[in-house]
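When a ligand or atom number is given, it counts from 1 through the structure's own listing order.
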Amino acid sequence: MVQRQSQREPTPERIRVPATSANLGPGFDTMGLALQLYDEVEVRPAESGQLTVSVEGYGAGEVPLDERHLVLRSLRAAARALGEDVPAAHLHCVNRIPHGRGLGSSAAAIVAGVSAAQLLLGRTTGGKVDRDRVFAVAAELEGHPDNVAPCVYGGFTLAWADAHGWRCRRQDPAAGVSPVACVPTEQLSTEQARGLLPETVPHADAARTAGRAALLSLALTQAPELLLEATEDWLHQPYRGAAMPKSVRLLRTLREEARLPAVISGAGPTVLVLGAPSPTDGADPAQRGDLGDWIGGWAGTNWHICPVPVDTAGVATSVHTSAAPFGMPVELP
Ligand SMILES: Nc1ncnc2c1ncn2[C@@H]1O[C@H](COP(=O)(O)OP(=O)(O)O)[C@@H](O)[C@H]1O
Ligand SMILES: N[C@@H](CCOP(=O)(O)O)C(=O)O
């Protein structure tokens, strides 16, 4: 809860939002996984004045600091949705999720902004945000729910829309799900990658991708040995390949030679490996050693290989008591 101290000095509050990987192969615009790589936003309420922002980490010196800033835009939209005036405050963003890499930086920014609105407008309970409300507003702002859902709820999520609005079910992934991200230096905007998708796809491709998506729900929660088969996709990855040839080459190597369940993370160009190869896929477990090192051997240089365990908490808030109240298990350089 954001409170005023006795000397009228505002007490900062921090919001932590996880990176996410959407699609996971066949679950286009539906499936997502939260990862232990976090952006943080420090919220300092002000007595009067504007809504302002400062940035450190990814995007510093690049993202606009005026009303176009995505966290501020989302905060404003959430205040409007609550029927409230935009509160005066300063937000300080510490960004660790790289932008335009398919790791859900825009969803994290939106969830942070919507959560900040709840903190500043006193709409939290015991300092915790109303997750369902954050999800509803954030999914509407992002336009697709598959990153926003795991960012809000953590774990593995299935999200969809029906006549009542955005819907989501969350599950804990099986212990064998141990994601490793292969992050390139190149960026690809989600908007550009969505523009590469066709209006229609062959019925056979839709049918076999739907079958793999059903299998993926099972593989991620109960049967990780099925992950390689379960992560095949014919709906989006083939159409986007031309915009990320390096990622397509790595994806093929990891899937066909290393027998690893690798996918394009979100709209790319990061490649995400969901876990170790299944013993039934013929890979010698003794050769694998550390999964990140093993993947690095296949990928070569030009990739930042980063184990990113599943985050099970989703969006979290904390009173600012120390420099790093949450602890940061994973940092990219
Ligand atoms: N923390 C942030 N603060 C401000 N803007 C952000 C932030 N994160 C993402 N954005 C905006 O979203 C863009 C990236 O979104 P997108 O193309 O969807 O890629 P992805 O979500 O895969 O990283 C950035 O170029 C920037 O404009
Ligand atoms: N389903 C979306 C997911 C985009 O994820 P991002 O992390 O790249 O923003 C899509 O594939 O367009």
Side-chain angles (χ1 to χ4, degrees), residues 15-35 37-42 51-76 91-116 138-139 141-151 157-161 179 181 183-184 186-198 209 213 233 235-241 243-244 247 263-272 308 315 332:
I15 299 166
R16 186 185 76 171
V17 279
T20 50
S21 182
N23 302 330
L24 308 176
F28 180 74
D29 271 4
T30 291
M31 292 184 179
L33 201 57
L35 305 171
L37 170 66
Y38 302 99
D39 280 354
E40 280 187 279
V41 178
E42 191 173 291
L51 191 55
T52 55
V53 68
S54 51
V55 176
E56 70 178 86
Y58 285 106
E62 290 169 13
V63 295
L65 298 179
D66 56 19
E67 68 280 354
R68 292 169 297 165
H69 190 277
L70 189 53
V71 178
L72 299 192
R73 266 201 281 146
S74 308
L75 195 163
R76 281 205 179 81
L91 305 189
H92 181 66
C93 299
V94 181
N95 294 340
R96 300 185 184 85
I97 307 171
H99 293 181
R101 304 306 210 298
L103 289 169
S105 74
S106 57
I110 292 169
V111 169
V114 175
S115 302
L141 290 171
E142 174 101 315
H144 54 93
D146 48 339
N147 293 100
V148 159
C151 187
T157 50
L158 291 162
W160 70 101
V183 187
E186 296 85 10
Q187 298 192 22
L188 176 62
S189 85
T190 304
E191 193 183 355
Q192 189 191 334
R194 289 182 87 83
L196 298 172
L197 300 177
T209 304
D233 151 69
L235 285 191
H236 64 100
Q237 292 175 169
Y239 298 103
R240 290 170 160 174
M244 46 181 144
S247 304
V263 295
I264 297 293
S265 183
T270 290
V271 173
L272 190 79
V308 273
V315 60
L332 290 169

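Proximity of atom 13 (C) of ligand 1 to the protein is not indicated, since no non-hydrogen protein atom lies closer than 4.0 angstrom. There is no protein heavy atom closer than 4.0 angstrom to atom 27 (O) of ligand 1.
Salt bridge R73/D66: absent, no basic N to carboxylate O contact under 4.0 Å.
Every residue two or more places apart in sequence or in another chain that forms a side-chain contact (heavy atoms from CB on, under 4.5 Å) with P18 is listed here: A34, Y38, C151, D311.
Put simply, the side chain of R101 never gets that close to the backbone of Q187: no donor and acceptor are under 3.5 Å apart. The closest donor-acceptor contact from the side chain of H236 to the backbone of G25 lies under 3.5 Å. Side chain of N95 to main chain of Y58: a donor-acceptor pair is present (N/O by atom type, distance under 3.5 Å, no hydrogens or angles). A donor-acceptor pair under 3.5 Å is formed between the side chain of Q237 and the backbone N or O of I264.
For S105, a nitrogen or oxygen atom sits less than 3.5 Å from a nitrogen or oxygen atom of ligand 1, counting backbone and side chain alike. Taking distance alone, with nitrogen or oxygen atoms compared against 3.5 Å, V71 stays at or beyond that limit from ligand 1. Between A109 and ligand 1, no N or O atom pair is found at a separation short of 3.5 Å. Any N or O atom pair closer than 3.5 Å counts here, and S189 shares no such pair with ligand 1.
Counting only heavy atoms from C-beta outward, the side chains of V183 and L103 approach each other to under 4.5 Å. Looking at L70 and S106, their side chains come closer than 4.5 Å, going by heavy atoms from C-beta outward. Taking the side chain as every heavy atom from C-beta outward, S54 and L65 never approach each other to under 4.5 Å.
Ligand 1 places these atoms under 4.0 Å from at least one heavy atom of N95: 1 (N).
Under the side chain to side chain contact (heavy atoms under 4.5 Å, CB included) rule, H69 has a single partner from T52, V55, L75, which is V55.
By the 4.0 Å heavy-atom criterion, G104 is counted among the residues contacting ligand 1. The closest approach between a heavy atom of G266 and any atom of ligand 1 is not below 4.0 Å. Every heavy atom of A267 sits 4.0 Å or more from the atoms of ligand 1.
A heavy-atom cutoff of 4.0 Å around ligand 2 is satisfied by the protein residues A22, N23, F28, D29, G102, L103, G104, H144, D146, N147, T190, R194, R240, G266, A267.
Between F28 atom CZ and H144 atom NE2 the span is 8.0 Å, to the nearest 0.5 Å. Going from atom CG of L272 over to atom CG of N23 covers 11.0 Å, rounded to the nearest 0.5 Å.
Proximity annotation for atom 8 (N) of ligand 1: of H99, R194, H144, E142, H99 comes nearest, heavy atoms only.
Closest to atom 22 (O) of ligand 1 among all protein heavy atoms lies G102 N, 3.1 Å. In terms of protein heavy atoms, atom 15 (O) of ligand 1 is closest to S106 CB, 3.5 Å. With respect to atom 17 (O) of ligand 1, the closest heavy atom belonging to the protein is T190 N, 3.0 Å. Atom 10 (N) of ligand 1 has L70 CD2, 3.8 Å as its closest protein atom, hydrogens excluded (heavy atom only).
At a 4.0 Å heavy-atom cut-off, ligand 1 touches H69 through the side chain alone. By the criterion of a heavy-atom distance under 4.0 Å, the side chain of V63, and not its backbone, is placed next to ligand 1. Residue contacts with ligand 1, taken as heavy atom pairs separated by less than 4.0 Å, involve L103 solely via the backbone atoms N, CA, C and O.
Side-chain contact check for S265 and T270: no donor-acceptor pair (N or O, by modelled atom type) lies under 3.5 Å. A donor-acceptor pair shorter than 3.5 Å cannot be found between the side chains of E40 and H92.
Taking all atoms of both residues into account, the shortest heavy-atom contact from L188 to A267 is CD2-O, 3.5 Å.
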